[in-house]
Protein chains: 2
Amino acid sequence: MFAITQTKPGGPETLQWEKVSDPTPAPNEVIIEIAASAVNRADILQREGNYPPPPGASDILGLECSGTIASVGAALTLDRIGERVTALLPGGGYATRVAVPIGQVMSVPEGVDIVTAGALPEVACTVWSNLVHVARLREGETLLIHGGGSGIGTMAIQIARALGAQVAVTAGSQRKLDACAALGASILINYNDDDFVQRIKDETAGRGADVILDNMGAKYLMRNIDALARNGRQVTIGMQGGVKGELDISAMLRKNVGVFATSLRGRPDSEKATICREVEKHVWPWIEAGVVKPVVDRVMPMPEAGAAQTLVESGDIIGKVALATP
Amino acid sequence: MFAITQTKPGGPETLQWEKVSDPTPAPNEVIIEIAASAVNRADILQREGNYPPPPGASDILGLECSGTIASVGAALTLDRIGERVTALLPGGGYATRVAVPIGQVMSVPEGVDIVTAGALPEVACTVWSNLVHVARLREGETLLIHGGGSGIGTMAIQIARALGAQVAVTAGSQRKLDACAALGASILINYNDDDFVQRIKDETAGRGADVILDNMGAKYLMRNIDALARNGRQVTIGMQGGVKGELDISAMLRKNVGVFATSLRGRPDSEKATICREVEKHVWPWIEAGVVKPVVDRVMPMPEAGAAQTLVESGDIIGKVALATP
C-alpha cells in the first residue's frame, strides 16, 4: 500500500507519500481500503513529535477514515467484506489501507458521499462523548464552544442544537461567525473584539454558560470558570493555550462547577466501541435527516497531507479538511 | 430567645451565649424550637471572618438543627406545628429558635434521638449530593475519602458502602482508621506514614480511585489527580490545604478525569429542597434500617460552642460534635 511516512519529527516538509508494507489484521480487526481520511490537530502535534501514538498503534498519522472492508481478522466472519464503512482509528489513516478493531467500525450515514464520510468519525465521536457523557448537556442549557468554526466546533454547534441547547461560539473572524450562525449558533463572539466572559454573561442575563467545550487549556482556564453558570461543566479537549495554569478552587466552589479534560484517542477500545455504537444510533440519523450536516471546507489529495495540515494550522478554514486517497 | 453571638471576628473567646430577639418567619418559613445543632468547619471559618453568611441569612452561626416546629409563616398551614424535625440551615443554628424555609425541613429518622438528629442534616445532605449527583459514584467503584474520621468522612464511608462502592480513607491516627474500618472502609491509609497516591494504586491493582472526596483543596490537587483512575472524578468540598494550586491539564486529559468543587451553603433554596427530599427518601431509611449510623463523638451544651469548636479544630474527635440547647 501507499502511506504518508516521516523519518523524523518536524514540519510538513518531513512528510512524504511512499510505498510501505500492508497492515495485517489482528483476530478482531478488519482491513479497510481507505477512500478518505481527514486532518486533526492531533496529527500535527504527532508530526512535531509532541503526541506519540499509544502503545500498539500504527506510527502512521490519521485518526479516522472511510472506505471499504477489504479483509477481516481470524475471529470475524467474512460477510462484511465489501461493506462501505467509516472508522475511528488509533492511527494509520493517512494511507491506502488500515487495520482497525471491528468495534470502531461504523456505517456510512445515508446520503453522505464516501469522501466526506472520512471526515466524520473524529468530530462525531468527540462531540457526542464529551457533550453527552462527560458534560451531560441538557435541553434548554447554554453551551459555549471555543473555536466554533473548527471541525469540532461546527459539529458541536449542530449536535448541541439537536439536543435542544442554546449555542454560543467564539471565533476570530466574521466569516466564521456567519458560518456558525448558519449552523445554529445564536450567540456569536469575535474574540478579537470582545471579552467572551462578559459577552456570555450579558447574553444570558448574568447566568453564564452551563457547559463550555474548550480547546485552549491553561490560557482560558480561569476565564472559563468565570464564564460558567452555577453547576456548570467545562470540558477541555485541546490545549492550544498551554497545559499548566493556576486553578482557584474557591472560584469553582462558589458556583459548584466542574472541570474535565478528555481525549478520545487514549480511551480503551471498549469505550471507543461504546461511543461508536451511540454515534451510529444517535448522530447518523440526525445526519440522514439533514439536522446535522458534515462541514468539510475542502478535499485535498492525501499525498498533499503536509499542505493540508498547514492549511488547518493557518486557521483559515471552516470545518474539516478531508484527504482523499489517489 | 438565646443564641451564640459575636461582636467581632476572632477566636472562640469572641463567642457568648446571650438573649437576643426572636426570629420572625417569612411566609414560606417555619420557626423551629431547637433541640440541638452541631459544629461544622464552616462555622469556624465564619467565626474568624473568612466565610460571610450568604445574603439574607442570619449572622448567627450554625448550619443545621433538630427540634420542634413552633410556628409557621403566613403561606403555610398550621398542621405541622409541634412536629419533630431536622433542618438544613443557611445560618442561625446556634440558638434556641431559628427561621428556615419549609423546603429545608426534614423529618427525624425513626430510632434517632433528637439531639443526635441535630448533627445529621449537613453531613447527610453534603455526602448525598456530592457522591450521587456530582460525582455519580456507582456500585463497584472505589471511593477515596480524605479525613475519613471527620463528620463528613464517617457519613461518606457508610453512604458509599450502602451504594455498593469500595471505600478507602486517609486519616492521621490508627484510632481513626480503626473507626473507619468499623464503619465499612477497607483501605486504610495513615497519611503520616504512607503516600496515599501510592497506597491507593497498590490496593487497586494500579487503577486508582474512581471518586475522591477531598477536603484539602490546593495542597492535594495534583496528587488527587494522580490517584484517580481513568474517568475518575474528584470533588473538593473543603480547602483546608489552600485555595490556589497549579493544575496540569494534560495529566487530567490523559485519564479523562474531572475536578469539581462544591459547597452546600451557596446552593439556591430550590436545590437545597431537592437534596433534602432525596436525603429523606434514601438516607433516612438506611439510618432506620441500621445500615448507616450517625456518628456523634460527643454532645456539648450549646453555650459552650467555643470550646466545642476548639475540639473540632483539634481534629481529635471521630464524627460530629453536637450542641444541645440548655
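Order of the sequence lines sets the chain letters (A, B, ...), proteins ahead of strands, with each chain counted from 1.
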Residues of residues 205-218 of chain B near chain A, each having a heavy atom less than 4.5 Å away
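Listed by number: B/Gly217, B/Ala218.
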
Counting heavy-atom pairs closer than 4.5 Å to chain B, which one of A/Leu253, A/Val243, A/Val259, A/Val134 comes out on top?
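That would be A/Leu253.
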
Looking only at heavy atoms and a cut-off of under 4.5 Å, which of A/Gly245, A/Pro268, A/Gly242 has the most pairs with chain B?
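Looking at each option in turn, the highest pair count goes to A/Gly245.
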
Relative to chain B, which segment of A/Val257 carries a heavy atom at a distance below 4.5 Å: side chain, backbone, both, or neither?
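The backbone, not the side chain.
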
Relative to chain B, which segment of A/Leu221 carries a heavy atom at a distance below 4.5 Å: side chain, backbone, both, or neither?
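Only the side chain of A/Leu221 comes within 4.5 Å of chain B.
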
Is chain A contacted by the side chain of B/Gln234, its backbone, both, or neither, given a heavy-atom distance below 4.5 Å?
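Neither; nothing under 4.5 Å.
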
Looking only at heavy atoms and a cut-off of under 4.5 Å, which of B/Lys255, B/Arg254, B/Arg267 has the most pairs with chain A?
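So the answer, after comparing B/Lys255, B/Arg254, B/Arg267, is B/Arg267.
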
Do you know which of B/His133, B/Met239, B/Arg230 has the most heavy-atom pairs under 4.5 Å to chain A?
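The option with the most such pairs is B/Arg230.
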
Would you please say whether a donor-acceptor pair under 3.5 Å links the side chains of B/Glu271 and A/Asn231?
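Distance-only check passes for B/Glu271 and A/Asn231.
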
From A/Glu246 CD over to B/Lys244 NZ, what is the distance, rounded to the nearest 0.5 angstrom?
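These two atoms lie 5.5 Å from each other.
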
Hey, what do you get for CD1 (B/Ile249) to CG (A/Leu247), rounding to the nearest 0.5 Å?
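B/Ile249 atom CD1 to A/Leu247 atom CG measures 8.5 Å (nearest 0.5 Å).
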
